[in-house]
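Please read all numbers here as calculations on a predicted model, not as lab measurements. First listed ligand is number 1; within each ligand, the first listed atom is number 1. Position 1 is the first residue of the sequence, and the numbers go up from there.
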Amino acid sequence: MASGAAPAPRGLIATMALAAGTPLVLLLALFGAGVLPLAPALLGGAMVLTWAAGLAYLWRRDLETLAADLARLRRARDAEAAALSRRAGREAEILALLPDPLILLDAEGAALRANPAAGRLFGDDLPALLRHPALRGAIGRVVASGAAESVALAIAVPLPRALEATVLPLPGAGPERAVAVIADRTQAEAVERMRADFVANVSHELRNPLASLIGFIDTLRGAAADDPAAQARFLAIMAEQGARMSRLIDDLLALSRIEANEHQPPAERIDLAALLARARAGFEPRLSAGGPRLALDLAAPLPQVAADADQIMQVLQNLLENALKYGAEGGEIRLSAEPVAAGGAPWPGRAGVVFAVADRGPGIAPEHLPRLTERFYRVDKGRSRAMGGTGLGLAIVKHIISRHRGLLRIESAEGQGTVVRVFLPAA
Ligand SMILES: Nc1ncnc2c1ncn2[C@@H]1O[C@H](COP(=O)(O)OP(=O)(O)O)[C@@H](O)[C@H]1O
Ligand SMILES: [Mg+2]
């Protein structure tokens, strides 16, 4: 109800005065002209005044009740509006509290509102997500049919993710026609895949050492039962096979742990120079006299990087171990690090730190280079096994660096040695 429609009481009283004034002036004029004698004129005037006063009184009372009614209605309307906005605020709060991304959509599938979880997960990529053909199709069907629907979505940018979107219809006359609740299934699917891979890889890699253990156990029980010299020799081999199986399982578990949180970059700031020095010191005892030297070459100061110190230490250990196992003939292993500026050289092209492990060993033939980071890929299986390798070292390195949003580059020339470079972006 519009309050402007009610006339001001004062204006009405003025109208009343005018209405009463006109007959009074007429009576006065008639009296003045001598047409009307005094007594009837006074009587007529009194009647008009009484009539006007009575009428004014009644109208005023009506107006007052009207004003009171209006005020009451206005108060009720304000209270209702306040309750509504309290409820809207409460709904926004609940939306903000929900941990899953939630998007309110119009009939065309455009986002009207998204909760903070959606903002955190998709940021500027939300419009791109809503253009996904599978999601668009589901929204169209849900708006048309009024029945909820779930779709699986695979998105590639900014990171590969497996999503499940549940689209629910919203009844009512508002512009919101549907709501999409998005569940991030990336981690769950990665775990499922890893479990399947784990079983396949492990059974394959464990078969040989296990077969050899079983064979030796049979021999110890039978043919070698009374041969202490053979027993000692077989037990040494068995211990080595057991250790190999245990290393393999350690590496597989490390790999699956890294993969499980690969899409979550580390936040901790680390002092890379100190870490490199620690890695070198830890490696020192493994360098035998007369074997290769390990040189450390740091271009100080290095910019800060956001990194997981344990994982970067693991990268350094794996690379140094490879240099020692496959490149020791060259005599020198060099661990170096330098800051890099944005733009500069084509690789890495971003600001951060590049650290490298270089050896002067026999190197790697170019056809192997692209495959070195695959699980269980070795150039020379026999040699890798003889050296205690699992074939997982560089796969672990690759996944750790990918979690750090860094880059890995392996350069090698046969007969000249190998350089493995790792780029970590500046924090
Ligand atoms: N510095 C290096 N020089 C020569 N070959 C290397 C070097 N680093 C790695 N390789 C090759 O890459 C393969 C994969 O390495 P890695 O993933 O660490 O597995 P592992 O060392 O357990 O065999 C090795 O088996 C080896 O053939
Ligand atoms: Mg290795």
Side-chain angles (χ1 to χ4, degrees), residues 194 197-198 201-202 204-209 240-259 262 276 279-280 282-283 286-287 291-297 311-337 354-403 406-422:
M194 230 147 36
D197 283 0
F198 182 84
N201 289 334
V202 167
H204 181 76
E205 289 289 326
L206 290 182
R207 194 177 290 140
N208 288 339
E240 168 47 35
Q241 299 291 349
R244 180 174 149 201
M245 290 163 67
S246 144
R247 269 196 309 276
L248 186 68
I249 287 169
D250 286 348
D251 277 1
L252 278 167
L253 287 176
L255 194 57
S256 63
R257 264 199 307 276
I258 297 158
E259 276 185 318
E262 198 170 327
L276 289 161
R280 179 186 181 233
F283 217 71
R286 303 187 48 182
L287 302 170
R293 272 181 0 99
L294 175 56
L296 181 64
D297 182 3
Q311 290 190 340
I312 298 300
M313 182 58 100
Q314 171 98 71
V315 166
L316 288 165
Q317 276 165 0
N318 290 8
L319 298 182
L320 288 172
E321 208 169 282
N322 282 353
L324 188 66
K325 283 194 301 195
Y326 311 112
E329 295 96 323
E332 189 188 68
I333 298 167
R334 179 169 289 269
L335 176 59
S336 63
V354 169
F355 62 85
V357 175
D359 66 60
R360 295 194 194 139
I364 306 162
E367 68 268 24
H368 296 297
L369 290 178
R371 301 199 55 193
L372 290 181
T373 56
E374 285 174 22
R375 294 161 183 225
F376 300 114
Y377 189 87
R378 294 112 153 173
V379 176
D380 180 343
K381 259 199 161 87
R383 172 148 194 219
S384 163
R385 291 230 172 91
M387 293 285 194
T390 57
L392 293 173
L394 289 176
I396 290 173
V397 166
K398 182 182 85 174
H399 284 283
I400 290 176
I401 293 168
S402 138
R403 182 188 171 214
L407 298 167
L408 173 71
R409 185 175 162 121
I410 305 174
E411 281 169 40
S412 189
E414 270 182 291
Q416 287 174 29
T418 304
V419 186
V420 183
R421 287 197 177 81
V422 173

Electrostatic pair [X]:[Y] at N-O distance under 4.0 angstrom:
X: E205; Y: R385; answer: yes
X: R293; Y: E332; answer: yes
X: R247; Y: E321; answer: no

Distance under 4.0 Å to a non-hydrogen atom of [X]: what atoms of ligand 1 satisfy this?
X: Y377; value: 13 (C), 14 (C)
X: G391; value: 17 (O), 19 (O), 20 (P), 22 (O), 23 (O)
X: T390; value: 22 (O)

Tell me, which protein residue and heavy-atom name are nearest [atom], and how many Å apart are they?
atom: atom 23 (O) of ligand 1; value: S384 OG, 2.6 Å
atom: atom 5 (N) of ligand 1; value: I364 CG1, 3.3 Å
atom: atom 12 (O) of ligand 1; value: L372 CD2, 3.3 Å
atom: atom 16 (P) of ligand 1; value: L394 N, 3.6 Å
atom: atom 20 (P) of ligand 1; value: Y326 OH, 3.3 Å

Please name the residue in the list T418, N318, L319 that meets the side-chain contact (heavy atoms from CB on, under 4.5 Å) test with V357.
->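 Between V357 and the candidates, side-chain contact (heavy atoms from CB on, under 4.5 Å) is satisfied uniquely by L319.
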Between [X] and ligand 1, does any nitrogen or oxygen pair lie at a separation below 3.5 Å?
X: G389; answer: no
X: G327; answer: no
X: A395; answer: no
X: K325; answer: yes

For E259, the option from K398, R403, R375 that meets salt bridge (Lys or Arg N to Asp or Glu O under 4.0 Å) | R375
Side chain to side chain contact (heavy atoms under 4.5 Å, CB included) evaluation trace for Q416 with E411 | CA-CA 10 Å; Q416 287 174 29; E411 281 169 40; over 6 Å; no
contact_flag D359 ligand 1 heavy-atom lt 4.0 Å | yes
Determine yes or no for a side-chain-to-main-chain donor-acceptor pair under 3.5 angstrom, with R383 supplying the side chain and K325 the backbone.
->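 Indeed, once roles are kept as given, a pair shorter than 3.5 Å links the two residues.
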Note, L316 side chain near F355 side chain (heavy atom, < 4.5 Å) | yes
Would you check if T373 and V397 make a side-chain contact, meaning some heavy-atom pair closer than 4.5 Å?
->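 Result no, sub-4.5 Å side-chain heavy-atom pair not found.
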Is N322 close enough to the Mg ion (ligand 2) to have an N, O or S atom under 2.8 Å?
-> yes
Under the side chain to side chain contact (heavy atoms under 4.5 Å, CB included) rule, what do L408 and L394 come out as? Steps first, then yes or no, please.
-> CA-CA 10 Å; L408 173 71; L394 289 176; 5.6 Å; no
Ligand 1 contact on T418 by region, counting heavy-atom pairs under 4.0 Å =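 The answer is the side chain of T418.
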With respect to atom 27 (O) of ligand 1, which of N322, V379, L319 exhibits the smallest heavy-atom separation?
->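 Closest candidate by heavy-atom distance is V379.
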